[in-house]
Amino acid sequence: MRGFRPSWLSPKVARTEVLAGLVVALALIPEAISFSIIAGVDPSIGLFASFTMAVTIAVVGGRPAMISAATGAIALVIAPLNREHGLGYLVAAVILGGVIQVVLGSLGVARLMRFVPRSVMVGFVNALAILIFAAQIPEMQNVPWAVYPLVAAGLALMVFFPKITKAVPAPLVSIAILTVITVAAGIAVPTVGDKGALPSSLPLPGLPDVPFTLATLTLIAPYALAMALVGLMESLMTAKLVDDLTDTHSNKTRESIGQGVANIVTGFFGGMGGCAMIGQTMINVKNGARTRLSTFLAGVFLMVLCIVFGPVVSTIPMAALVAVMVLVAFATFDWHSIAPATLKRMPAGELIVMAVTVAAVVATHNLAIGVVLGSLTAMVIFARRVAHLVNVTAVVDPEGHQVIYSVTGALFFASSNDLVYQFNYAGDPDRVIIDLTGAHIWDASSVAALDAVTTKYEARGKTVEIIGLNTHSAKMHDTLSGELTSH
């Protein structure tokens, strides 16, 4: 379209995107190395995966400013495969997992996000903040005493520096100042270089070193499916979170397919796969990034930092990055959700759902498990709540020839179970009318319950007429009535 100009071409926007991407790249290095260790692979494998994931998703993804890279969730899923069968099978599983994500994305799996309640989202965010903070604790255990004042100084810099200027991201300033101090003063503290050697060259594409047989496919398929589902769920939840933070809408279907494409590309470059990184995404968004440029540059800067500036990056104290992540955890947590005033007003069911989500995520370190358990808990609570909203009232005509039962509410498996016991089969007159004008039939259980009511009356020689069915209910009743029990 003539006259169209991407927003990131604006100097002000570009500066924000470039600096945010640089901060994210610095934060990605120790994380990618840590996740490589979890997966049991060389640190360069995780760094390559973060590079290819970020660069690819920046082009094909559906959520601008979201960071995708090697993640702990994916590392945990594929670690057993690498441990038992080797890197070739891991890479093959990553490629197959990407293909599965493309298929699921094309089938519209992203639409399932509408079934994730707000209380699960809040629990997800709070659990995420706890996990981000918990991941920093090992970096502050059994370390030289100098680490603690460095972390405190890093936090202070990030809190107070924005009051002077916001032109440069405070985390970047904090990392630079703490690095200069530790190097100049010769302070011996853990550094990025202690996590593992940084790569010295770019990855090259190639096929996984496995036999291309049905046996291989059978072996890697369960891992690939688990990786695809965990990666999609974490990415879609992160996309929804960024939507809320930025008041913008993203294309979840494109994001689902994009995650698959990114994993396929990553696999062919020998990477360990990945998905959206919530911690790094929060750093990116909190530093003002809003476009694909920051995501793309995070990947590019990651490789440049490793290959060109490896010796310099290796000297960055881990304390500086720990301070960044601690502040991110603090900013991510929804403190309003646990305020006494909020807890007083919130229904008990909502609090239970939030607590289950947080507990499941913190216990398993798997965000996908927490979201599934939280959503299932919400569904059970909702079903119990709605089941009690069905009401049956009876009106007998003055002459006693017929009785009209008025049924109101949603009829489904939870509410229709008690429906059979709401009628006076022995005492009612010979003609019974069941008025469903104020009700809606949702499933076969409700039709079966109405059939049971009709059968009980007919066994006593009484006639039953069901009236007031809306179009959907009438269609379901006409289709299923009389077909749900053996004759």
Side-chain angles (χ1 to χ4, degrees), residues 4-29 31-32 46-71 98 101-102 105 168-169 171-172 198-199 201-205 231 234-235 238-239 241-243 245-246 248 250-252 254-309 313:
F4 173 75
R5 179 179 165 178
S7 61
W8 49 265
L9 283 178
S10 156
K12 184 179 178 183
V13 173
R15 186 182 71 235
T16 302
E17 299 292 313
V18 169
L19 293 173
L22 182 56
V23 175
V24 170
L26 288 167
L28 274 173
I29 293 171
E31 294 263 310
L47 290 162
F48 287 156
S50 295
F51 162 62
T52 51
M53 284 293 297
V55 168
T56 307
I57 205 70
V59 178
V60 299
R63 174 63 262 178
M66 192 164 81
I67 306 296
S68 288
T71 58
Q101 286 179 326
V102 170
V168 183
L172 188 57
L198 303 181
S201 62
L202 286 169
L204 296 172
E234 203 152 323
S235 299
T238 307
L241 177 60
V242 178
D243 288 355
L245 285 171
T246 60
T248 55
S250 59
N251 187 332
K252 305 298 189 303
R254 179 177 171 180
E255 182 61 37
S256 303
I257 296 171
Q259 287 290 331
V261 172
N263 272 306
I264 293 169
V265 171
T266 297
F268 281 120
F269 275 93
M272 57 179 272
C275 61
M277 287 197 84
I278 302 160
Q280 274 65 20
T281 297
M282 293 300 291
I283 292 174
N284 201 39
V285 174
K286 296 287 184 185
N287 279 316
R290 294 293 183 270
T291 76
R292 298 174 186 276
L293 182 62
S294 57
T295 306
F296 179 81
L297 289 178
V300 172
F301 284 150
L302 175 64
M303 279 296 102
V304 172
L305 288 168
C306 290
I307 295 169
V308 181
F309 299 103
V313 172

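As the structure is a prediction and not an experimental result, all values here were calculated from the model. Just so you know, these numbers use all the heavy atoms, side chains as well, and skip hydrogens, waters and symmetry mates.
Closest approach of Ser50 to Ala70, counting heavy atoms only: OG-N, 3.3 Å. Considering all non-hydrogen atoms of both residues, Ala262 and Thr56 come closest at CA-CG2, 3.7 Å. Nearest heavy-atom pair, Ile307 versus Ser201, reported as atom, atom and distance to 0.1 Å: CD1-C, 3.6 Å. Closest of all the heavy-atom pairs between Ala65 and Thr281 is O-CG2, 4.2 Å. Shown here for Val23 and Pro171, the closest heavy-atom pair between the two residues is CG1-CB, 3.7 Å. Across every non-hydrogen atom of Ile278 and Glu234, the tightest pair is CD1-CG, 4.0 Å.
The closest donor-acceptor contact from the side chain of Arg292 to the backbone of Pro64 lies at 3.5 Å or more, if one exists at all. Between the Gln280 side chain and the Ala27 main chain, a donor and an acceptor come within less than 3.5 Å of each other. Remark: side-chain polar atoms of Arg290 are not paired, donor with acceptor, to backbone N or O of Val13 under 3.5 angstrom.
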Full working for side chain to side chain contact (heavy atoms under 4.5 Å, CB included) between Leu28 and Val24: CA-CA 6 Å; Leu28 274 173; Val24 170; 4.0 Å; yes
Would Glu31 and Thr71 count as a side chain to side chain contact (heavy atoms under 4.5 Å, CB included) here? Give the steps. CA-CA 8 Å; Glu31 294 263 310; Thr71 58; over 6 Å; no
How far apart are the C-alpha atoms of Leu19 and Asn287, what are their side-chain angles, what is the distance that settles it, and do they pass the side chain to side chain contact (heavy atoms under 4.5 Å, CB included) test? CA-CA 8 Å; Leu19 293 173; Asn287 279 316; over 6 Å; no
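Checked by atom type, the side-chain pair Ser68/Gln259 shows a donor-acceptor distance below 3.5 Å.
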Side-chain donor/acceptor pairs under 3.5 Å, residues 268-277, sequence neighbours excluded:
none

Please output the side-chain donor-acceptor pairs of residues 293-302 that fall under 3.5 Å, not counting sequence neighbours, one pair per line with the distance.
from	atom 1	to	atom 2	distance (Å)
Ser294	OG	Glu17	OE1	3.1
Ser294	OG	Asn284	ND2	3.0
Ser294	OG	Thr291	O	3.0
Thr295	OG1	Met66	O	3.0

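Between Asp243 and Lys252, some side-chain heavy-atom pair lies under the 4.5 Å cut-off. Under the 4.5 Å side-chain criterion, counting only non-hydrogen atoms from C-beta, Val265 is not in contact with Met53.
In this structure, CZ on Phe48 lies 12.0 Å from OG1 on Thr266, to the nearest 0.5 angstrom. For the atom pair Leu241 CG and Met282 CE, the distance stands at 5.5 Å (nearest 0.5 Å). Between Leu198 atom CG and Leu305 atom CG the span is 9.0 Å, to the nearest 0.5 Å. Rounding to the nearest 0.5 angstrom, the gap separating the CZ atom in Arg63 from the OG1 atom in Thr248 is 3.5 Å. One finds the CD1 atom of Ile283 at 11.5 Å from the CG atom of Leu172 (value rounded to the nearest 0.5 Å).
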